[in-house]
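Remember, predicted model here, so these are calculated numbers, not experimental data.
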Amino acid sequence: MRLLWLFGSLALALCLAVWSSQSPRPVGTDAPATAFSSARAMVDVREIARAPHPLGSAEHARVRARLIQRLGTDLGLSVATQAGPLSPESIRRLEAWDIDPATANFQAVNVVGVLAGTDPSLPAIMLMAHYDTVPGSPGAADDTTGVAAVLETVRAIRARGPAPRTLVVLLTDAEELGLDGARVFFGGHPLRDRIGAVINLEARGGGGRAMMFETGRDSAGIVDLFAGVVPRVPGGVTSNSLAALVYEAMPNGTDFTIPKDRGIAGLNFAFIGRADQYHDPASTPASLDQGSVQHIGTQSLESADALLRARTLPAAGPSRAYADVFGLLILQHPVAIGWVLLGLTALAFAIAGLKTCVPAVEVGRGVLDGLWLVSTGVVLTHAVRLLAGPMAARAETAETYYTLLRRLPWMQAGAALTVLAVALVVLAGRGRMDRRVLAGLVLLATATVQVFGGFNPLILGAGVVSVLLSLLPGTAPRTVWGGWLGLIALVGGLGMAMQILAPTAAYLFVWMGLLAAVAAAVTALADTGLTRSRIALPAALVTVVGGGWLMAMAHPVFLGIGMDMPGVLALIGLLILTLARPMAPQGAGQRGGQAALGMAAAVLILACVVSLVAVHRAPEPSAVVTT
């Protein structure tokens with residue numbers, strides 16, 4: 001019965017995650033004039049993305065002429081171009097693309113359109129996307145979708161009637177070279193000081209839900225505004241402050257980086273699914289997910305409309321912890337509230353601990369269980385990355401990067417199955433497993449990563465921790481309560497650390513720790529012995545809701561950073577296991593249930609290895625051009 005509770009709740013959580021991760025349906029040309037229509041936007045996508053159009057090419061000039069005509073003649077904006085010099089690094093990239101910089105006149109040429117508002121004294125709102133591509137890719141997603149969505153957004157805004165604020169459309173050039181077009185505009189255009197907020201549209205890949213992944217700094221006000229438009233977005237939204245923090249730390253950027261560094265508020269949207277199409281010849285209008293066009297376009301329209309018609313622009317304020325809940329709403333709070341939630345977690349933990357009288361040493365073993373899961377998961381998922389990538393994985397070249405992008409779905413599936421297998425070992429009771437087998441598997445994976453993937457101190461350290469915890473006797477909990485409370489204590493400790501070091505991202509541990517602790521307190525008050533199988537109901541409920549939310553979040557997180565850090569799924573696995581831990585087998589059917597879980601874990605690991613090895617029989621990716 002406990003295995004039925006366990007796998008049933010995990011299956012429902014997965015269904016909930018899949019449901020909330022779908023792109024909305026495209027909208028046809030018969031949509032109201034005031035609504036965003038992906039079908040109307042696709043007319044521009046097909047025309048613009050007929051062929052690659054990198055800076056300096058004849059196609060590039062053709063696309064620019066079309067954009068001038070669309071903004072000026074068709075949409076009635078005042079249109080002008082702005083030219084500016086390329087950076088030395090951009091010129092070197094042009095040469096690497098076998099494009100003569102002299103052909104491009106050493107210049108980026110922006111297209112700037114202005115739709116005057118009824119009150120010119122108010123700060124203006126900017127819609128921004130880039131119209132250049134890399135050589136070899138038509139760029140239907142990156143960033144033709146953004147350009148087409150801007151055009152359709154402008155059309156719908158005009159249909160809604162005059163707005164108080166002026167709308168500035170900036171279609172930048174040379175983004176693929178080094179954000180030169182955005183630098184040129186914000187470096188000296190007469191309108192730059194009038195911009196009060198920016199909405200930027202981007203893409204990496206050819207589909208998936210569009211995510212609002214970045215805001216300006218001190219973002220409380222702009223997040224409030226975005227939360228207010230959620231009900232007007234069919235299919236909901238995907239957004240959280242963890243993504244904003246991670247992207248802030250990454251070395252790359254988008255055009256939005258330039259106004260953000262000037263202290264301008266804004267929203268940055270992108271979709272990153274179907275990663276194999278990124279900078280690839282396959283990025284054509286026919287292969288583009290039109291649901292993604294609809295999703296990014298609707299969010300662009302509703303956010304821009306709210307800003308254009310706002311009496312006052314969102315005020316700057318301390319950044320908050322926030323995340324969408326299955327796309328239906330944005331749950332947010334000041335970062336200081338995280339400490340209150342941690343206090344409530346400690347209270348619920350204390351109730352469960354006092355009621356069950358679990359010894360502190362047993363809770364400590366539960367903490368070690370969680371550390372074993374994370375360290376083992378990190379090592380094995382990096383081994384999955386190695387197996388999924390090209391055989392010359394030690395060389396982190398552009399070819400390696402694009403090969404991994406093409407194989408990202410395989411890598412994600414392999415990493416997820418691996419983490420699930422490790423979690424099943426914990427549920428089965430790793431203390432009852434053959435310690436030499438567990439240690440040997442991790443030792444082999446660690447050595448393989450170091451030899452074939454290059455020296456990695458993080459993997460080496462995680463491997464040492466996992467091997468030691470596997471070999472040392474007495475480190476695994478002997479009771480379900482000890483394992484559960486130990487995991488809650490570990491997640492709470494991680495939440496405290498994040499609350500100090502990165503408070504806008506602490507919610508991931510704080511919210512899940514509180515959910516698990518409350519479930520533990522309710523369960524302890526009802527049945528300290530966990531003798532009745534229906535007592536698993538609180539854990540099953542939080543596993544369905546919290547686990548579904550975590551699985552839905554895991555997908556964009558892995559798409560964003562999993563290629564370099566697949567071990568992030570081990571942390572997600574820890575949080576899900578913290579919710580599901582009390583559904584481990586015990587009582588009369590304990591030995592049979594543990595044996596079943598152990599066999600399932602072995603099958604998952606074997607299936608993962610076989611499928612990833614088979615990936616190498618697939619054709620290698622086509623030639624791509626790097627930036």
Side-chain angles (χ1 to χ4, degrees), residues 23-24 27 34-38 41 115 117 122-129 143 145-161 163-171 195-203 209-241 243-244 247 254-256 259-260 264-271 292-317 319-320 322-324 327-330 332:
S23 301
V27 174
T34 55
F36 187 95
S37 163
S38 56
L115 179 63
L122 295 175
I125 306 303
M126 172 176 282
L127 280 170
M128 181 165 60
D143 190 24
T145 289
V147 172
V150 166
L151 297 175
E152 172 65 2
T153 294
V154 172
R155 185 209 56 75
I157 285 173
R158 293 193 70 224
R160 294 183 179 190
R165 299 180 186 278
T166 294
L167 175 64
V168 176
V169 173
L170 174 61
L171 304 179
I195 306 302
V198 175
I199 295 174
N200 185 62
L201 306 182
E202 258 290 0
R209 287 174 65 83
M211 183 177 193
M212 195 285 284
F213 67 97
E214 187 181 22
T215 65
R217 298 180 179 91
D218 298 324
S219 61
I222 197 73
V223 171
D224 275 340
L225 180 135
F226 181 65
V229 308
V230 171
R232 302 201 293 272
V233 180
V237 303
T238 299
S239 183
N240 58 72
S241 51
Y247 198 77
T254 67
D255 279 335
F256 183 71
K260 178 180 178 179
I264 300 175
L267 302 168
N268 203 1
F269 295 93
F271 54 83
S292 304
V293 179
Q294 184 66 41
H295 200 214
I296 198 170
T298 304
Q299 293 180 80
S300 166
L301 170 59
E302 299 303 338
S303 300
D305 191 67
L307 286 166
L308 287 166
R309 302 179 195 280
R311 289 181 177 272
T312 58
L313 290 181
S319 296
R320 297 174 180 174
Y322 66 89
D324 73 278
L328 303 176
L329 58 91
I330 299 287
Q332 59 174 315

Please confirm whether the backbone N or O of [Y] pairs with a side-chain atom of [X], one donor and one acceptor, at under 3.5 Å?
{"X": "Q294", "Y": "S38", "answer": "yes"}
{"X": "R320", "Y": "S219", "answer": "no"}
{"X": "N200", "Y": "N268", "answer": "no"}
{"X": "H295", "Y": "A210", "answer": "yes"}
{"X": "E214", "Y": "Y247", "answer": "no"}
{"X": "S241", "Y": "Y322", "answer": "yes"}

Inset, instruction - With sequence neighbours excluded, tell me which residues meet side chain to side chain contact (heavy atoms under 4.5 Å, CB included) with A270. - result: E202, F213

With a 4.5 Å limit on heavy-atom distance, are the side chains of [X] and [Y] in contact?
{"X": "T215", "Y": "L267", "answer": "yes"}
{"X": "M128", "Y": "P259", "answer": "yes"}
{"X": "S37", "Y": "E152", "answer": "yes"}
{"X": "L313", "Y": "R165", "answer": "yes"}
{"X": "F36", "Y": "T153", "answer": "yes"}

[X] side, atom [atom1]; [Y] side, atom [atom2] - distance, nearest 0.5 Å:
{"X": "I296", "Y": "L301", "atom1": "CD1", "atom2": "CG", "answer": "13.0 Å"}
{"X": "I157", "Y": "L308", "atom1": "CD1", "atom2": "CG", "answer": "5.0 Å"}
{"X": "L170", "Y": "L127", "atom1": "CG", "atom2": "CG", "answer": "10.0 Å"}
{"X": "D255", "Y": "L171", "atom1": "CG", "atom2": "CG", "answer": "10.5 Å"}
{"X": "S303", "Y": "L307", "atom1": "OG", "atom2": "CG", "answer": "7.0 Å"}
{"X": "I199", "Y": "M212", "atom1": "CD1", "atom2": "CE", "answer": "10.5 Å"}

Donor-acceptor contacts, no H, no angles, side chain residues 226-237, under 3.5 Å, sequence neighbours left out:
{"from": "R232", "atom 1": "NE", "to": "E302", "atom 2": "OE1", "distance (Å)": "3.1"}

Taking all atoms of both residues into account, what is the closest heavy-atom pair of [X] and [Y], and its distance?
{"X": "G196", "Y": "P123", "value": "CA-CB, 4.0 Å"}
{"X": "A35", "Y": "A156", "value": "O-CB, 4.0 Å"}
{"X": "A41", "Y": "A148", "value": "O-CB, 3.5 Å"}

Inset, instruction - Go through the steps to decide whether M211 and N240 satisfy the test side chain to side chain contact (heavy atoms under 4.5 Å, CB included), and finish with yes or no. - result: CA-CA 9 Å; M211 183 177 193; N240 58 72; 3.4 Å; yes

Inset, instruction - Could you tell me whether the side chains of Q332 and D224 share a donor-acceptor contact shorter than 3.5 Å? - result: yes

